[in-house]
Amino acid sequence: MRDSIILEINGVFVGTVISSGNPRQKRFYAVHESVHALHNHVFSDRDDIRRLIIGHFHHSAPRIAQPA
């Protein structure tokens, strides 16, 4: 079985990072709609994956209006 890491952002499960055939490459398996554009992307650094996914998640998250 390949190694995998569960990714959650603010308690929301967004996907998993799975080791590819090459130990230096990681593949992202997206399950949350906000990061689906990154599904199956291959990365060499887990921290790069995390930063990119967090950026996508926060960018596409619905904004709640703050009372004036």
Side-chain angles (χ1 to χ4, degrees):
M1 178 158 183
R2 295 180 177 165
D3 293 329
S4 63
I5 300 163
I6 294 173
L7 286 180
E8 291 182 15
I9 301 172
N10 298 334
V12 177
F13 174 56
V14 296
T16 59
V17 176
I18 303 167
S19 294
S20 295
N22 182 337
R24 294 183 192 153
Q25 291 183 335
K26 311 289 186 208
R27 183 177 303 275
F28 178 62
Y29 187 92
V31 296
H32 194 274
E33 181 179 314
S34 66
V35 294
H36 190 63
L38 299 172
H39 181 72
N40 269 336
H41 272 60
V42 177
F43 300 88
S44 59
D45 182 31
R46 188 173 69 196
D47 291 334
D48 288 344
I49 298 170
R50 188 177 304 273
R51 279 190 292 274
L52 189 57
I53 291 168
I54 288 170
H56 270 261
F57 181 81
H58 288 301
H59 184 297
S60 64
R63 303 285 184 231
I64 299 173
Q66 298 295 323

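Quick note: numbers below take in every heavy atom, side chains included, and nothing from hydrogens, waters or symmetry partners.
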Partner residues of His36 under the ring-ring contact (aromatic ring centres under 6.0 Å, His included) criterion, sequence neighbours left out: His39

Is it true that a side-chain atom of Arg27 and a backbone atom of Val42 form a donor plus acceptor pair closer than 3.5 Å? no

What are the two closest non-hydrogen atoms of Val35 and Ala30, and how far apart are they? O-CB, 3.6 Å

Quick check: do Ile49 and Leu7 have side-chain heavy atoms less than 4.5 Å from each other? yes

Is the number of heavy atoms from other residues, nucleotides or ligands under 6.0 Å of Glu8 CD greater than 12? yes

Ile5, Phe43: one ILVMFWY side-chain cluster at the under-4.5 Å cut-off? yes

I need the Ile53 CD1 to His41 NE2 distance, nearest 0.5 Å. 10.0 Å

When rounded to the nearest 0.5 Å, the distance separating CG of Asp3 from OG1 of Thr16 is 12.0 Å

How far apart are the C-alpha atoms of Leu52 and Phe28, what are their side-chain angles, what is the distance that settles it, and do they pass the side chain to side chain contact (heavy atoms under 4.5 Å, CB included) test? CA-CA 11 Å; Leu52 189 57; Phe28 178 62; over 6 Å; no

Is Arg50 close to Val17 at the side-chain level, that is, under 4.5 Å between some pair of heavy atoms? no

Please find the pair of heavy atoms, one from His32 and one from Phe13, that lie closest to each other, and give the distance. CB-O, 3.9 Å

Do Ser19 and Lys26 have side chains that get closer than 4.5 Å, going by heavy atoms? yes

To the closest 0.5 Å, what do you measure between CD1 (Ile54) and OG (Ser34)? 11.5 Å

Would you sort out whether Asn10 and His58 count as a side chain to side chain contact (heavy atoms under 4.5 Å, CB included), showing the intermediate values? CA-CA 10 Å; Asn10 298 334; His58 288 301; 3.5 Å; yes

